[in-house]
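Structure first, then comments.
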Amino acid sequence: MSTSTGPAAGASAPVDTRPSAGQRFSAWFGRNAIKIYAFFAFVYLLLPVAYTFAFSFNDAGRTNLVWQGFTLENWLNPCGAPEVCGSVVNSIVVAAVVTAMATLLGTLIAFALVRHRFRGRATTNLLIFLPMATPEVVLGSSLLALFLNILIPLGFWTVVIAHIMFCISFVVVTVKARLASLDPRLEQAAMDLYATEWQAFRRITLPLVAPGIAAAALLAFSLSFDDFIITNFNSGQFTTFPKFVYVSATRGIPPQANVIATAMFIIALAIVLISQFAGKRKREA
Amino acid sequence: MSIAAAIGDTIEDEPKPPPPSTNKGRKFTAYLLMLPGMLWLAIFFVIPLVALFMTSLQTPVPGGEVGQFQQTFSFSNYAETLTDDTYYIPLIRSFIYSGIATILALLIGYPLAYAIAFKGGKYRNLLLVMVIAPFFVSFILRTIAWRQILADEGPVVAVLRVIGVVGETGGIYPSAFAVIMGLTYNFLPFMTLPIYASLERVDPKLIEASGDLYAKPMTGFFKVTFPLSLPGVVAGTLLTFIPAAGDYVNAALLGRPSNTMIGNRIEYTFLSVNDYPTAAVLSFILMATILIMVLIYIRRVGTEDLV
């Protein structure tokens, strides 16, 4: 920690004649200490990911805790363990419905907040912020309290309702950030050139905000797909992938769960990297 | 990075004031745009909190079955729960664990964000993707991976035994250490991203200027860079502390029964015992305590340096 110094650390390299090896090492260390620190932070962040990945190739059978030997069996037969694929399909369907709804509702709110002045803005902002600042157990248990009191049966729809609720805020914040960085004069220029308000929105604003909306949709999808705590309170007998993994943790998680997690990881990473790459090329062009 | 920007913006930035509306029609449009989403939040966020509060004041139906309760506005539920050590000890433990985890995440996340922002060069975006990459693997599976890493047969214990930190038969899982480490791990990206977002906006010329005025690099960091990144630090600590305080997955998967947190108690009381009023009391106390702590925190850090 002591060496995580200010930005000018690199500038103070010794220039005098022939520093000793020890001096050279300490100068090198001083310049690179923060990079070394960051390297270990990345090891910490990514070690469990590597474990999850490696254990998808474990010849483990039912309890995938200790390394037994390499096999491709799990990858060739990802639905081999009971319930795994069913729960993944459930999670994907929930996340798809949630993404569509939350992205739509949240984007509309973001437009209202950035582009309009109206009474009650502060209250609206507070109501957007609060779900993000509330622990998931409280969100989950309060919704369950509502469903129990008005006797709504738990299942697919209660999970969807809950997920949309906590995804809206994240969509609003993501789209709002993008929208606020846009120059409103672009729209005005379009309208000066005789575009109607709708045309200006359709041809100018929407294309410019689209990356923000896409990022928000991705965020909503991954939040919904990976949610466990709120789902656990409101799902009843309905099983999602995280719930399946958690429930089977006591009797042993099948290696197929790691296969699915690894595959999802690769797909998500590919989407993010491709969109970054595409964005870069567009900017350079 | 839009996610970093999103998380960073939740707390630090108010959007610029919108252009003044020209007529009543536009104002009406604003309400129309917000209506569906806000209605959703009102029905499925605000009303449930009311339902939770009402449930916390219920008592069992006399002679009824398990899970049957009636509204009696029994405020003594709160006193009974708060004086029961099976509840208040996990509550206090939650705040201790999540407090330590937040400090650790700051100690790891700040230098990491700093390294990416100032030393990342052209690899900045790639490094940011690496920070959020763990999110793409299921939260539960990552926590279970820690169970394997920290297990008695795992690499960490092997190293610790060689060094002699842990005895021949000693282990580090399950334990309070494993729970805190898991909490730190799981919320580290939430700490790193907002700090990065505010460090990225620091004008390097300001830091150069401090050097020109004979500030040592350390002084420059503490007088210029750190204060400017404070909004990110506030956002990051909140985004780590709040979910960590309510979490129960880490304690359930990495701890012993003696490491249970308030989340475990709420889940167990609600879903296994079906004692809804007590669980509702616990949820409400958790939320209220967090809200008060957050307000004090924002005030203390906020009034001097943020505004």
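Protein chains get the first letters and strands the later ones, always in sequence-line order, with residue 1 at the start of each.
Within a 6.0 Å sphere centred on CH2 of A/Trp157, other residues, nucleotides and ligands contribute 12 heavy atoms or fewer. By the 6.0 Å contact criterion, CZ on A/Phe42 is enclosed, its count of non-hydrogen atoms from other residues, nucleotides or ligands being greater than 12. A/Glu197 CD: 12 or fewer foreign heavy atoms inside a 6.0 Å radius.
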Check the pair A/Asp226, B/Phe135 against side-chain contact (heavy atoms from CB on, under 4.5 Å), reporting the backbone distance first and the verdict last. CA-CA 8 Å; A/Asp226 200 26; B/Phe135 285 148; 5.9 Å; no
Could you check A/Leu143 against B/Phe45 for side-chain contact (heavy atoms from CB on, under 4.5 Å), going step by step and ending with a plain yes or no? CA-CA 7 Å; A/Leu143 258 176; B/Phe45 173 69; over 6 Å; no
Stepwise side-chain contact (heavy atoms from CB on, under 4.5 Å) check, A/Phe55 with B/Leu141: CA-CA 11 Å; A/Phe55 274 76; B/Leu141 275 174; over 6 Å; no
Walk me through whether A/Met101 and B/Trp40 qualify under side-chain contact (heavy atoms from CB on, under 4.5 Å). CA-CA 11 Å; A/Met101 285 292 288; B/Trp40 198 283; 3.9 Å; yes
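We find the OG1-CG distance between B/Thr29 and A/Leu108 to be 12.0 Å, quoted to the nearest 0.5 Å. A distance of 9.0 Å separates CG in B/Leu271 from OG in A/Ser141, rounded to the nearest 0.5 Å. Interatomic distance, CG of A/Leu139 versus CZ of B/Phe44, reported as 14.0 Å (0.5 Å rounding). Atom OH of residue A/Tyr246 and atom CD1 of residue B/Ile140 lie 7.0 Å apart, to the nearest 0.5 angstrom. Here the straight-line distance linking atom CD1 of A/Ile128 with atom CG of B/Leu41 works out to 5.5 Å at 0.5 Å rounding. Atom-to-atom distance recorded for A/His116:NE2 and B/Tyr31:OH is 11.5 Å, nearest 0.5 angstrom.
The contact between A/Arg119 and chain B is made by backbone and side chain atoms together, counting heavy-atom distances below 4.5 Å. Using a 4.5 Å cut-off between heavy atoms, A/Leu273 contacts chain B through its side chain alone, with no backbone atom that close. For A/Asp227, no part lies under 4.5 angstrom from a heavy atom of chain B. Using a 4.5 Å cut-off between heavy atoms, B/Ser210 makes no contact with chain A at all. Looking at A/Ile161, both its backbone and its side chain come within 4.5 Å of chain B, counting heavy atoms on both sides. At a 4.5 Å heavy-atom cutoff, A/Ser222 makes no contact with chain B through either its backbone or its side chain. Using a 4.5 Å cut-off between heavy atoms, B/Leu253 contacts chain A through its side chain alone, with no backbone atom that close. Contacts of A/Thr107 with chain B are absent, with no heavy-atom separation under 4.5 Å from either backbone or side chain. Heavy atoms closer than 4.5 Å to chain A are found nowhere in B/Pro243, neither backbone nor side chain. Of the two parts of B/Val131, the backbone and the side chain both hold a non-hydrogen atom closer than 4.5 Å to a non-hydrogen atom of chain A. Interface remark: A/Ile267 contributes no atoms to any contact with chain B (heavy atom separation under 4.5 Å). For B/Met54, no part lies under 4.5 angstrom from a heavy atom of chain A. Proximity to chain A (any heavy atom under 4.5 Å) is restricted, for B/Gln58, to the side chain, taken from C-beta onward. Contacts between B/Ala133 and chain A at a heavy-atom distance below 4.5 Å involve backbone atoms as well as side-chain atoms. Contacts of A/Leu269 with chain B are made by both backbone and side-chain atoms, with heavy-atom separations under 4.5 Å.
Taking B/Leu35, B/Val50, B/Leu52, B/Asp247 one by one and counting their heavy-atom pairs under 4.5 Å with chain A, the maximum is reached by B/Leu52. Interface remark: of the candidates A/Ile266, A/Leu223, A/Thr124, A/Ile168, A/Thr124 forms the most heavy-atom pairs closer than 4.5 Å to chain B. The choice from B/Lys216, B/Glu153, B/Met287 that makes the most heavy-atom pairs within less than 4.5 Å of chain A is B/Met287. Of the listed residues (A/Thr134, A/Val138, A/Val175, A/Thr52), the one with the most heavy-atom contacts under 4.5 Å to chain B is A/Val138. Put simply, of B/Val46, B/Val294, B/Leu127, B/Ile290, the one with the most heavy-atom pairs under 4.5 Å next to chain A is B/Leu127. Per-residue heavy-atom pair counts under 4.5 Å with chain B were compared for A/Phe53, A/Phe39, A/Phe228, and the maximum is reached by A/Phe228. The choice from A/Leu46, A/Asn232, A/Asn258 that makes the most heavy-atom pairs within less than 4.5 Å of chain B is A/Asn232. Taking A/Phe241, A/Phe233, A/Phe225 one by one and counting their heavy-atom pairs under 4.5 Å with chain B, the maximum is reached by A/Phe233. In terms of heavy-atom pairs under 4.5 Å with chain A, the best-connected choice from B/Val137, B/Leu49, B/Ile149 is B/Ile149.
Using modelled atom types, one finds no donor on one side chain facing an acceptor on the other under 3.5 Å when comparing A/Asn149 with B/Tyr276.
Of all the heavy atoms in B/Thr55 and A/Ala145, the pair that sits closest is OG1-CB, 3.7 Å. Nearest heavy atom pair, residue A/Val49 against residue B/Pro134, reads CG2-CA, 3.9 Å. Listed here is the closest heavy atom pair of B/Tyr248 and A/Ile229: CE2-CG2, 3.7 Å. Closest approach of A/Ala133 to B/Ile242, counting heavy atoms only: O-CG2, 3.3 Å. The two residues A/Ala112 and B/Met34 have their closest heavy-atom pair at CB-CG, 3.3 Å. Closest approach of A/Leu146 to B/Ile43, counting heavy atoms only: CD2-O, 3.9 Å.
Residues B/Ile108 and A/Phe40 have side chains not in contact (no heavy-atom distance under 4.5 Å, counting atoms from C-beta outward).
The aromatic rings of A/Tyr44 and B/Trp146 lie tilted to each other, with the angle between the two planes from 30° to 60°.
A donor-acceptor pair is defined here as one N or O able to donate and one able to accept, closer than 3.5 Å; such a pair exists between the side chain of B/Tyr185 and the backbone of A/Leu45.
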